Amino acid sequence: MSAKETEIPRPDMAQPHRAGDITSFPVGKVIYLSPVPLPTAAAPVDFNQAIGEVNDTYLDFGGSLPTPFTWQLALGGPFTGFLMLAFLIPVMGGG
C-alpha cells in the first residue's frame with residue numbers, strides 16, 4: 001500500500017474568471033457564481049452543512065457529509081412504502 005494514489009486533476013484557479021463562467025474538467029465542472037462578496041460584520045453560518053470546502057479562492061458547495069434529513073429520507077421513504085404496501089393496500093382492497 002505504499003503506491004502513491006492517483007491525484008484528481010483540478011481546474012486552474014489562478015486565472016481570473018467572471019460570474020457565469022463554466023469550466024469543465026475530467027471529474028466535474030466549476031460554475032463561477034459571483035465575484036468576491038463584500039465584507040460584512042455577520043459571522044458565516046452553514047446550518048445544513050452544505051459547504052464542503054472553503055478557502056480564499058473557491059467554495060465547494062454540496063460536498064459535505066449527508067445531513068440528518070438525508071438519512072431520514074433515504075431510510076424512511078422505503079420503510080413507509082413497505083408499510084403502505086403491507087397494511088394500507090390490503091385494507092383498502094378488502095373494503
Side-chain angles (χ1 to χ4, degrees):
M1 304 245 325
S2 63
K4 185 178 178 184
E5 294 180 18
T6 59
E7 189 168 321
I8 298 173
R10 292 187 158 202
D12 183 20
M13 295 293 180
Q15 297 177 355
H17 294 280
R18 300 180 61 97
D21 288 351
I22 298 174
T23 304
S24 297
F25 57 99
V27 293
K29 63 182 174 179
V30 175
I31 302 172
Y32 298 93
L33 300 175
S34 66
V36 177
L38 297 173
T40 64
V45 178
D46 181 21
F47 291 114
N48 289 333
Q49 301 165 348
I51 298 174
E53 185 178 348
V54 175
N55 63 25
D56 292 338
T57 308
Y58 67 93
L59 176 138
D60 183 16
F61 188 78
S64 63
L65 296 173
T67 61
F69 175 73
T70 306
W71 290 110
Q72 290 172 353
L73 188 64
L75 298 173
F79 183 69
T80 303
F82 168 74
L83 289 178
M84 289 178 65
L85 184 66
F87 297 109
L88 187 61
I89 293 176
V91 169
M92 291 175 59

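Please read all numbers here as calculations on a predicted model, not as lab measurements.
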Colleague: Looking only at heavy atoms, what is the nearest atom pair of P90 and M84, with distance?
Modeller: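 Minimum heavy-atom separation between P90 and M84: CD-O, 4.5 Å.
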Colleague: To the nearest 0.5 angstrom, please state how far the CG atom of L33 sits from the CD1 atom of I22.
Modeller: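 Rounded to the nearest 0.5 Å, the CG-CD1 separation comes out at 9.5 Å.
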Colleague: Side-chain heavy atoms nearer than 4.5 Å, only ILVMFWY residues, links allowed to pass through others: does that put F87 and F79 together?
Modeller: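 Yes: a chain of side-chain contacts under 4.5 Å links F87 to F79.
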Colleague: Applying side chain to side chain donor-acceptor pair (under 3.5 Å) as the test, list every pair that has at least one member in residues 68-91; sequence neighbours left out.
Modeller: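 Pairs touching residues 68-91 that pass the test: T67-T70.
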Colleague: Please name all residues satisfying side-chain contact (heavy atoms from CB on, under 4.5 Å) with L73, sequence neighbours left out, ordered by chain then number.
Modeller: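 L73 satisfies side-chain contact (heavy atoms from CB on, under 4.5 Å) with F69 once adjacent residues are dropped.
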